[in-house]
Visitor: 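Have a look at this one before I ask anything.
Everything numeric here is computed off the predicted structure, so don't read it as measured data.
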Amino acid sequence: MPDPDFPIERLSTYFMNAASPRSFRVWCWIGVLLTAYKLWLTRGQPVYAIALAAHDDRLFLLMAESIVRGDWLGAYSQMTLAKGPFYPLTIAFFYWIGLPLGLGVQLVYAGACALFTFACRPAIRSGLALLAIYSLLLWNPMSYEAPTMGRIIRQQVYTPLGIAIFAGLVALYCRRQEGLRCQLPWAIVLGLSCGCFWLTREESVWMVPSVLLLAGAAAWWAFRSTRRDGRTLLGSLGLAALCTALPLLLVSWQNYRHYGWFGTVEFRATDFQDAYGAMVRVKIGPEIDYVPVTRQAREAMYTVSPTFAKIQPYLEGDYGRGWAGASAAMTKLPAEERQIGGGWLTWALRDSVAAAGFCHNAREALSFYRHMGREINLACDQGRLPAYPRRSGFLPRWKEGQATAIAHTLLQFADFVVGFKAFSAYTPISIGDHDELLLFHDLTRDNISSSVLSPAMPLRNQEELNQQKFARLQSIGDHLRPVLLVLFFVAQLIVLVRLVQSVRARQFTFAMILAAAAWGGAFADLLLNATVQVTSFELTAVSTFSPIYPLLLIFIIATAWDACDAWLGAPRPDAVT
C-alpha cells in the first residue's frame with residue numbers, strides 16, 4: 001500500500017486503491033488486448049492518397065524518399081525547407097524497419113497514450129482507473145478517422161507528440177520528490193517530444209503557454225516540498241530544455257551542410273518573415289477580404305524595390321494567375337484579377353523567386369528575401385509608399401469587424417470539436433493514376449485505397465473483412481461521440497464548482513492546473529485556427545483540430561482526478577494556499 005504521507009493527491013479509496021501486482025498485471029493485459037483489437041481494426045483502413053497534393057502528402061513522401069536514399073531532404077527548391085522535417089523522418093524510419101505507415105502511426109499514438117497513463121501512476125494507483133485513462137485516450141474516435149487523418153499528413157505524429165509533452169510534465173510533477181535518476185527518463189521524453197513537436201508544424205507556439213504553466217506548477221510544488229526537491233526538478237526541466245534543443249540543432253546543422261543555412265524551416269526565418277511583413281504593410285489598392293497584398297500594392301512595390309522587380313514577370317504572370325485562381329473560392333475574384341489570397345501568397349512568392357533563378361540554395365533565397373524586405377521597408381519609412389507601421393511575420397492586418405467574426409468562428413469550431421463532428425471510419429477513394437500513386441505504395445509499405453484511374457485488384461475476401469472492420473470502427477466512434485460530449489460538459493460543470501470551492505478555501509491542486517493547461521491549450525489552438533479562417537483560408541476539418549481532441553480527454557481525466565480527490569479522498573497536504 002502507498003505511504004499515506006506521500007505528498008501527492010490521492011483519489012478516492014473506492015476508486016484509487018493501489019492494485020496488487022497480480023491485479024495490476026490483469027489490467028495491463030486488458031489494455032494490451034484493447035490495443036491489439038484497435039490495431040487489428042485499423043489495419044483494414046487503407047491510405048487515402050492524393051497524388052497531386054504537392055504541398056502536403058506528396059511533398060512529405062518525396063522528402064522521406066530523399067532521406068531513405070541518404071540525401072537528407074533532397075535537392076534544394078522552394079519546397080525543401082518550407083515545412084518541418086520530422087514527419088518525413090518518421091516515414092523514412094518506418095520504411096527502414098519495414099513497418100507499414102498506417103500501423104506505425106497507430107503504434108505511436110498508442111504509445112503516447114501509454115506514456116500519459118504511466119506518468120500518472122504515482123498519483124493514481126488503481127489499475128482500473130489507469131485502464132480507464134488509457135482506454136479513453138486510446139479510443140479517441142478521431143485517432144482512426146479516415147477521410148482526413150488517413151492521408152499522408154503531419155498530424156499523424158503531431159497529435160501523439162502533444163500527448164507525450166503532457167505526459168512528460170505530469171510525470172515530473174508526480175515524481176517531484178524522487179531523485180534525478182527517476183526523473184531523468186521523463187525529462188528526456190519531455191525534451192525530445194517538445195523538439196520533435198516544434199519540427200513537425202510551424203504554428204506550434206500555441207502549446208507554449210500550457211507547457212510553461214505545467215512546468216511552473218511542478219516546480220512550485222517541488223519547492224514547497226523541500227528546496228532540494230525544487231532544485232532537482234529545475235535540473236530536470238533544464239535537461240528537458242537541452243533535449244528540446246538537440247533535434248533542432250541537428251536539423252539546423254544538416255540544413256547548413258546541405259543548403260547553406262543554419263535553421264529549421266524557412267517560414268520561421270527572419271528574412272522571409274520580414275519580406276512578407278514588408279509587403280503586407282503597403283497601403284495601396286482596394287480593401288479585399290482575404291487579400292493581404294493587392295495587385296496594385298505589388299505593382300507599386302516593383303517601382304521601389306529592384307530586388308522585388310526581378311520576379312514581376314512571374315508573380316504577375318502564370319504563377320500569380322495560377323495562385324489567384326487557386327484562392328478564387330475565398331476571394332470571389334477571377335484569376336485574371338491576380339488578387340492572391342493570403343493563404344496562397346507565400347507560395348506564389350516562393351514559386352516566383354524560384355522561377356526567377358534565386359533559389360539554388362537556402363542562403364541565396366533568404367538573401368533575396370532580406371534585400372527585398374529592406375528595400376520595401378525603406379521606401380515605406382521614407383514615405384515613398386503609403387504604409388502601415390513596420391511588421392514581420394504572416395499575421396494579416398487587423399480589419400474592422402474581424403473580432404466579431406473570429407469570435408463567431410471560434411464558437412463554430414468549438415461546437416465542431418467538442419461534438420467530435422464529421423467523424424467517419426471509411427477511407428475515400430484515392431486521387432491519381434497508377435504512376436502517380438506508386439510513390440505512396442512504395443514509401444508507406446501500406447495498402448492504398450482504390451482510385452478511379454488506378455482500380456485495385458479485386459480481393460473479395462479481404463474487402464469483405466475490411467468492410468466489417470470499417471463498420472465496427474464506425475459503430476464504436478458513433479457510440480463514443482455522444483458519451484464524450486456528455487463527459488466534457490459534466491467536466492465543465494465540475495470545474496466551475498471546484499473553482500468556487502478552491503477560491504473560497506484558497507487551495508488549488510495540480511490536477512486543476514492540468515485541467516486548465518489542457519483546456520487552455522485547446523482554446524489557444526482553436527483561436528489560432530479561427531483567426532486564420534477569418535483572415536486567410538478555410539480550415540474546418542478533423543485534421544486541423546487533431547491535437548485538440550486528446551486535450552479535451554485530458555481535461556476530462558484531470559477534472560475527474562481533482563473531483564474524486566476533493567470530494568471522496570483524503571486531505572491534500574500539497575494543495576496550494
Side-chain angles (χ1 to χ4, degrees), residues 42 44-68 73-74 77-80 82-92 94-95 100-106 142-159 200-202 322-323 325-330 341 343-344 346-348 350-351 422-457 466 470 529 532 536-546:
T42 55
Q45 294 177 305
V47 172
Y48 173 31
I50 304 179
L52 301 181
H55 292 73
D56 291 293
D57 310 47
R58 192 171 189 85
L59 171 64
F60 300 132
L61 290 175
L62 290 173
M63 294 167 73
E65 183 179 41
S66 297
I67 294 169
V68 167
L73 303 178
S77 72
Q78 71 273 28
M79 298 302 303
T80 307
K83 297 191 175 185
F86 183 71
Y87 183 52
L89 285 166
T90 304
I91 297 173
F94 288 140
Y95 178 85
L101 181 61
L103 176 59
V105 296
Q106 286 295 338
M142 298 317 186
S143 66
Y144 48 91
E145 186 267 355
T148 62
M149 294 300 292
R151 293 175 54 187
I152 308 299
I153 56 173
R154 299 177 283 179
Q155 288 86 337
Q156 291 177 342
V157 294
Y158 194 61
T159 301
T200 303
R201 290 189 64 86
E202 291 68 60
W323 284 109
S327 62
M330 295 297 294
W344 295 262
T346 52
W347 303 112
R350 294 175 69 83
D351 283 354
F423 167 76
S424 173
Y426 292 90
T427 306
I429 61 171
S430 293
I431 300 173
D433 59 30
H434 177 270
D435 292 339
E436 292 169 335
L437 296 178
L438 190 60
L439 180 67
F440 289 76
H441 279 287
D442 187 16
L443 267 295
T444 65
R445 294 183 181 268
D446 217 333
N447 295 321
I448 308 295
S449 67
S450 179
S451 79
V452 174
L453 299 177
S454 180
M457 181 184 299
N466 287 338
F470 295 159
N529 285 301
V532 172
S536 300
F537 53 91
E538 173 71 31
L539 279 172
T540 308
V542 169
S543 57
T544 301
F545 308 115
S546 66

Visitor: How about Ser543 and Ile153: do any of their side-chain heavy atoms sit closer than 4.5 Å?
Guide: yes
Visitor: Could you tell me the separation between the OG1 atom of Thr90 and the CZ atom of Arg154, rounded to the nearest 0.5 Å?
Guide: 12.0 Å
Visitor: Is it the case that the side chains of Gln45 and Tyr144 hold a donor-acceptor pair, with the cut-off being a distance below 3.5 Å and no angle test?
Guide: no
Visitor: State, without any angle test, whether Thr148 and Glu145 hold a side-chain donor-acceptor pair at a distance under 3.5 Å.
Guide: yes
Visitor: Given side-chain contact (heavy atoms from CB on, under 4.5 Å), test Leu61 with Asp442 step by step and report yes or no.
Guide: CA-CA 9 Å; Leu61 290 175; Asp442 187 16; over 6 Å; no
Visitor: I need the Phe470 CZ to Thr42 OG1 distance, nearest 0.5 Å.
Guide: 10.5 Å
Visitor: Report yes or no: does Thr544 contribute a side-chain atom to a donor-acceptor pair with the main-chain N or O of Thr540 at less than 3.5 Å?
Guide: no
Visitor: Determine yes or no for a side-chain-to-main-chain donor-acceptor pair under 3.5 angstrom, with Gln106 supplying the side chain and Ser143 the backbone.
Guide: yes
Visitor: Is it true that the NZ or CZ of Arg445 lies under 6.0 Å from the centre of Tyr95's six-membered ring and within 45 degrees of the ring axis?
Guide: yes
Visitor: Applying the side chain to side chain donor-acceptor pair (under 3.5 Å) test to Tyr87, which of Arg201, Gln156, Gln155 qualifies?
Guide: Gln156
Visitor: Determine which pairs satisfy salt bridge (charged side-chain N to carboxylate O under 4.0 Å, His left out) with at least one residue from residues 44-59, sequence neighbours left out, and list them in order.
Guide: Asp56-Lys83, Asp57-Arg151
Visitor: Any chance you could measure Leu62, atom CG, to Ser77, atom OG, to the nearest 0.5 Å?
Guide: 9.5 Å
Visitor: With rounding to the nearest 0.5 angstrom, report the CE to CD distance, Met330 to Glu538.
Guide: 6.5 Å
Visitor: With rounding to the nearest 0.5 Å, note down the distance linking CG in Leu103 to OG1 in Thr444.
Guide: 12.0 Å
Visitor: Taking Glu65 for its side chain and Leu443 for its backbone only, find out whether a donor-acceptor pair lies under 3.5 Å.
Guide: no
Visitor: Would you say the ring centers of Tyr426 and Tyr48 fall short of 6.0 Å from each other?
Guide: no
Visitor: Would Ile67 and Leu73 count as a side-chain contact (heavy atoms from CB on, under 4.5 Å) if you check the C-alpha gap in whole Å, the side-chain angles of each, and the deciding distance to 0.1 Å?
Guide: CA-CA 6 Å; Ile67 294 169; Leu73 303 178; 3.9 Å; yes
Visitor: Going by the ring-ring contact (aromatic ring centres under 6.0 Å, His included) test, which pairs reach into residues 427-449, not counting sequence neighbours?
Guide: none
Visitor: Short question: side chain of Ser449, backbone of Ser430 - any donor-acceptor pair under 3.5 Å?
Guide: yes
Visitor: For residues Asn447 and Asn466, determine if any side-chain heavy atom of one lies less than 4.5 Å from a side-chain heavy atom of the other.
Guide: no
Visitor: How many angstroms lie between atom CD1 of Ile448 and atom OG1 of Thr427, to the nearest 0.5 angstrom?
Guide: 10.0 Å
Visitor: Indicate yes or no for a side-chain donor-acceptor contact from Ser546 to the backbone of Val542 under 3.5 Å, with no hydrogens or angles considered.
Guide: no
Visitor: Tell me if a side-chain donor or acceptor on Glu436 pairs with a main-chain N or O of Asp433 at a distance below 3.5 Å.
Guide: yes
Visitor: Could you tell me whether the side chain of Ile91 reaches within less than 4.5 Å of the side chain of Ile152, counting heavy atoms only?
Guide: yes
Visitor: Tell me if a side-chain donor or acceptor on Asp446 pairs with a main-chain N or O of Gly102 at a distance below 3.5 Å.
Guide: yes
Visitor: So, the side chain of Ser451 versus the backbone of Gly432: is there a donor-acceptor pair under 3.5 Å, distance only?
Guide: yes
